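Just so we're on the same page: letters track the sequence lines, and every chain starts at 1. Treat the numbers as computed from the prediction; the structure is a model and nothing was measured.
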Number of protein chains: 2
Amino acid sequence: MRSSVKQKEVREAILDATDSLLSRYGYKKMTIDDLAKEVGIGKGSVYLHFTSKEEIVLSHIDRIIEQLKGKLAAIAGSDEKPEERLRKMLKTRVLHRFESVQHYTQNLNDLLAAIRPSFLARREDYFSQEARIFASVVEAGQQSGDFATGADAAEIAESMILATNSLLPFNLTVQELGARKDVEKKIRRLADLLLQGLCAR
Amino acid sequence: MRSSVKQKEVREAILDATDSLLSRYGYKKMTIDDLAKEVGIGKGSVYLHFTSKEEIVLSHIDRIIEQLKGKLAAIAGSDEKPEERLRKMLKTRVLHRFESVQHYTQNLNDLLAAIRPSFLARREDYFSQEARIFASVVEAGQQSGDFATGADAAEIAESMILATNSLLPFNLTVQELGARKDVEKKIRRLADLLLQGLCAR
DNA sequence: TTCTGACTGAAATTGATTTTTAGTCAATTT
DNA sequence: AAATTGACTAAAAATCAATTTCAGTCAGAA
């Protein structure tokens with residue numbers, strides 16, 4: 001137990017350092033030597049936790065999504081009206097992703113270029129996982145009578161994910177996406193439009 | 001007059017050749033010499049119509065958007081129900097863009113990288129121009145009583161553009177976007193969700 | 001007046017050489 | 001015995017000088 005707790009801590013510390021170095025230097029200029037030094041462990045020890053540099057940054061992104069899924073699940077499980085839950089979830093989805101890379105001074109382009117194929121595959125998984133949480137709330141709303149029934153909850157959830165994707169910092173850098181408050185306004189309006197359609201009439 | 005018709009033809013021919021070379025070789029490997037040869041004019045003549053290579057490809061993209069705007073305006077001016085017009089417009093927006101680069105064997109990444117700053121600026125303009133056409137239909141629907149009133153038509157139109165942006169071949173190549181019929185299914189479902197919210201209840 | 005292609009300088013490419021770095025593993029520490 | 005390390009290696013990346021390519025120009029041809 002003791003050592004497994006320690007192991008988790010080291011793994012987390014490596015991912016923390018990854019975020020720090022990635023934001024300062026970008027992918028190519030982030031070296032494993034630097035990373036190990038930042039964590040205060042030997043270079044070889046990094047490879048006790050990860051098999052490659054690519055796996056390190058993919059795990060870093062995984063962690064961001066895990067945190068997001070945590071937030072989404074918390075909102076989904078709250079006792080607000082389904083419409084309000086979905087509204088908050090949509091906003092959270094966009095802003096969590098925005099904030100997670102807001103401090104990056106380096107472009108994310110070199111990162112994306114380096115890990116593109118494996119990242120795109122995972123991205124699809126992220127979408128499904130997020131969609132599942134959204135779908136659970138859509139379904140709840142349908143059963144409670146707040147939302148119109150008949151439509152496929154899973155399909156609606158997928159469309160919601162799709163509709164908000166262009167506000168995520170993926171192709172556009174955070175700089176190009178614009179100021180946070182503009183992004184906030186856009187997601188609010190988009191959420192309004194998306195939710196208007198769900199409510200029972 | 002005679003010569004201005006000819007001039008337009010040459011300009012169009014240059015843009016046709018641009019599409020052809022771009023799709024076969026990508027941006028960097030498309031040379032102005034090749035382009036002139038393909039059109040059957042001298043290299044210098046290319047510069048009678050455009051000031052730079054960048055302007056040529058930007059004009060090529062402009063032309064795609066102009067064609068799209070023509071299609072959108074045609075649908076917007078048809079006599080169908082506003083809801084049906086918007087549905088077709090959303091589908092057209094996504095599929096026109098998809099088809100316009102479907103034949104590209106080369107990645108669009110090198111093109112985007114080369115013209116990124118000026119392209120991103122224009123992209124915003126494209127969005128506003130398209131949004132204006134959408135807004136006109138939303139407004140018509142509000143006045144005819146088909147759509148609920150109260151909401152700002154321009155804002156709704158912007159959100160519709162935003163929501164469909166992630167299905168455009170921008171960051172993702174056509175290959176990565178998936179098969180045409182999958183894209184078609186996605187835009188259909190998304191359009192359903194977006195339109196459900198507009199209709200008067 | 002319209003058009004052209006030889007020309008130019010700047011940028012890209014090449015290939016040979018040096019430097020850096022991802023990943024390994026025998027030795028060391030705990 | 002198990003965990004950790006950092007010197008080591010092969011491969012990739014950076015460097016640089018020589019060469020080639022190419023965007024854009026302009027004097028002259030049509």
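B:Ile41 places its CD1 atom 16 Å from the C1' atom of D:dA30, with the value rounded to the nearest Å. Atom C1' of nucleotide D:dG24 and atom CG of B:Leu35 are separated by 14 Å, given to the nearest angstrom. Between the CD atom of B:Glu55 and the P atom of D:dG24 there is a distance of 10 Å, given to the nearest Å. Across the protein-nucleic acid pair, B:Lys37 atom NZ and D:dT21 atom P stand 13 Å apart, rounded to whole Å. B:Leu48 has its CG atom 11 Å from the P atom of D:dT25, to the nearest Å. With rounding to whole Å, B:His49 atom NE2 is found 18 Å from D:dA23 atom P.
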Between side-chain atoms of residues 132-142 of chain B and protein atoms elsewhere (two or more places apart, or another chain), which donor-acceptor pairs fall under 3.5 Å?
| unit_1 | atom_1 | unit_2 | atom_2 | d |
| --- | --- | --- | --- | --- |
| B:Ser136 | OG | B:Ile133 | O | 2.6 |
| B:Gln142 | NE2 | B:Ala151 | O | 3.1 |

Name the atoms and distances for all side-chain donor-acceptor pairs under 3.5 Å in residues 55-63 of chain B, with sequence neighbours left out.
| unit_1 | atom_1 | unit_2 | atom_2 | d |
| --- | --- | --- | --- | --- |
| B:Glu55 | OE1 | B:Thr51 | N | 3.0 |
| B:Glu55 | OE1 | B:Thr51 | OG1 | 2.8 |
| B:Ser59 | OG | B:Glu55 | O | 2.7 |
| B:His60 | NE2 | B:Asp19 | OD1 | 3.3 |
| B:His60 | NE2 | B:Tyr104 | OH | 3.0 |
| B:Asp62 | OD1 | B:Arg122 | NH1 | 3.2 |
| B:Asp62 | OD1 | B:Tyr126 | OH | 2.5 |
| B:Asp62 | OD2 | B:Arg122 | NH1 | 2.4 |
| B:Arg63 | NH1 | B:Glu12 | OE1 | 2.9 |
| B:Arg63 | NH1 | B:Asp16 | OD1 | 3.0 |
| B:Arg63 | NH2 | B:Asp16 | OD1 | 2.9 |

Return the polar atom pairs (N/O with N/O) between nucleotides 21-28 of chain C and the protein under 3.5 Å, or none.
| unit_1 | atom_1 | unit_2 | atom_2 | d |
| --- | --- | --- | --- | --- |
| C:dA22 | OP1 | A:Lys53 | NZ | 3.3 |
| C:dA22 | OP2 | A:Ile32 | N | 2.8 |
| C:dA22 | N7 | A:Lys43 | NZ | 2.7 |
| C:dG23 | OP2 | A:Tyr47 | OH | 3.0 |
| C:dG23 | OP2 | A:Lys53 | N | 2.6 |
| C:dG23 | N7 | A:Lys43 | NZ | 3.2 |
| C:dG23 | O6 | A:Lys43 | NZ | 2.8 |

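The side chain to side chain donor-acceptor pair (under 3.5 Å) search around B:Thr173 returns B:Gln175, not counting sequence neighbours. Taking A:Thr164 as the reference, A:Arg93 meet the side chain to side chain donor-acceptor pair (under 3.5 Å) condition, with sequence neighbours excluded. Evaluation of the side chain to side chain donor-acceptor pair (under 3.5 Å) rule for B:Thr149 yields no partner, not counting sequence neighbours.
Counting only residues at least two apart or in different chains, salt bridge (charged side-chain N to carboxylate O under 4.0 Å, His left out) contacts with residues 162-178 of chain A comprise A:Glu176-B:Arg116. Here salt bridge (charged side-chain N to carboxylate O under 4.0 Å, His left out) pairs that include residues 157-169 of chain B, with residues two or more places apart or in two chains, are A:Arg189-B:Glu158.
For the 3.5 Å distance criterion, the side chains of B:Asp146 and B:Ser144 qualify, holding a donor opposite an acceptor.
Terminal axes of the helix from C:dT1-D:dA30 to C:dT30-D:dA1 (five pairs each, C1' rotation axis) are separated by 30°, to the nearest 10°.
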